[in-house]
Amino acid sequence: QVQLVESGGGLVQAGGSLRLPCAASGRTFSYAMGWFRQAPGKEREFVASITWSGGSTYYADSLKGRFAISRDNAKNTVYLQMNSLKPEDTAVYYCALGPRATGWGGGYNYWGQGTQVTVSS
């Protein structure tokens, strides 16, 4: 069984930064990780994903240059660094684990409970 626990969310002013860790436990070896977000009244959307080795990363086009995904396999943790935050980045952020670093949510087998990020203007 796999468990994913996100943290690091909170309230931040526009232009600020946050780093979201997602700690994984259980059978996580060789799995890709992804970050998704869901704003109130909107569908869940892809944010970023990363392969097991960390050698390949993928981003939603609209977030390239502001967000960065990374992982530390020794700590079983994936990170989402978010810079130059905007009010429209306000959402619940979820990490996910699956066999491939895809932008499709259905490609992930396990999900965390989410962490709230609120960006004030």
Side-chain angles (χ1 to χ4, degrees):
Q1 189 71 358
V2 171
Q3 287 190 324
L4 303 173
V5 179
E6 305 96 334
S7 60
L11 175 64
V12 62
Q13 287 190 335
S17 297
L18 279 177
R19 188 176 79 152
L20 306 182
C22 171
S25 61
R27 296 184 60 183
T28 62
F29 182 75
S30 82
Y31 280 95
M33 300 287 291
W35 283 96
F36 291 77
R37 68 184 185 183
Q38 187 166 21
K42 295 187 177 181
E43 294 186 352
R44 181 181 63 193
E45 65 174 347
F46 170 69
V47 174
S49 61
I50 188 168
T51 55
W52 162 253
S53 68
S56 295
T57 56
Y58 307 92
Y59 296 92
D61 288 342
S62 62
L63 300 176
K64 287 180 181 177
R66 293 197 299 123
F67 287 20
I69 189 171
S70 61
R71 68 190 297 165
D72 183 341
N73 288 339
K75 296 182 178 179
N76 286 336
T77 300
V78 64
Y79 303 94
L80 183 67
Q81 178 67 44
M82 305 185 295
N83 299 322
S84 302
L85 284 162
K86 305 174 181 180
E88 51 264 43
D89 294 319
T90 295
V92 177
Y93 284 72
Y94 299 90
C95 69
L97 180 148
R100 296 178 182 176
T102 176
W104 177 52
Y108 293 89
N109 306 108
Y110 299 96
W111 293 80
Q113 82 290 347
T115 185
Q116 176 71 47
V117 171
T118 303
V119 184
S120 64
S121 57

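All residue numbers refer to positions in the sequence shown, counting from 1. If you're wondering where the values come from, they're calculated on a predicted model, not measured in any experiment.
The two atoms that bring Q116 and V92 nearest to each other are OE1-CG2, 3.2 Å, heavy atoms only. Between V117 and M82, the closest heavy-atom pair is CG2-CE, 3.9 Å. Considering every non-hydrogen atom in both G107 and P99, the closest pair reads O-CD, 3.5 Å. What you find for R66 and S84 is that their closest heavy atoms are NH1-O, 3.0 Å. Taking all atoms of both residues into account, the shortest heavy-atom contact from D89 to R37 is OD1-NH1, 2.9 Å. Of all non-hydrogen atoms in V78 and S70, the two that sit nearest each other are CG2-O, 3.0 Å.
Interatomic distance, K42 NZ to T90 OG1, rounded to the nearest 0.5 Å: 10.0 Å. Taken from CG in L18 to CD in Q81, the straight-line distance is 8.5 Å, to the nearest 0.5 Å. With rounding to the nearest 0.5 Å, the separation of OH in Y93 from CG in L80 is 7.5 Å. Remark: S121 OG to Q13 CD distance equals 9.5 Å, nearest 0.5 Å. Residue N76 holds its CG atom at 8.5 Å from CZ of R71, rounded to the nearest 0.5 Å.
Annotation: ring pair (Phe, Tyr, Trp, His ring centres under 6.0 Å) contacts involving residues 99-120, sequence neighbours excluded, comprise F36-Y108, F36-W111. Here disulfide bond (SG atoms under 2.5 Å apart) pairs that include residues 8-104, with residues two or more places apart or in two chains, are C22-C95. Among residue pairs with one or both ends in residues 24-72, none qualify as disulfide bond (SG atoms under 2.5 Å apart); sequence neighbours excluded.
Between L4 and L97, the closest side-chain pair of non-hydrogen atoms falls below 4.5 Å. Annotation: side chain of N83 is in contact with side chain of S17 (closest heavy-atom distance under 4.5 Å). When side chains are defined from C-beta on, F67 counts as touching L85, because their heavy atoms get closer than 4.5 Å.
For CZ of R100, the number of neighbouring non-hydrogen atoms (other residues, nucleotides, ligands) closer than 6.0 Å is 12 at most.
Every residue two or more places apart in sequence or in another chain was checked for a ring-ring contact (aromatic ring centres under 6.0 Å, His included) with Y94, and none qualifies. Partners of Y31 by ring-ring contact (aromatic ring centres under 6.0 Å, His included), not counting sequence neighbours: none found.
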Under 3.5 Å donor-acceptor pairs involving side-chain atoms of residues 56-65, not counting sequence neighbours:
residue, atom, partner, partner atom, Å
Y59, OH, I69, N, 2.9
D61, OD1, K64, NZ, 3.3

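When atom types are taken as modelled, the side chain of Q113 and the backbone of V5 share no donor-acceptor pair closer than 3.5 angstrom. Within the 3.5 Å criterion, the main-chain N or O of W52 finds a donor-acceptor partner in the side chain of N73.
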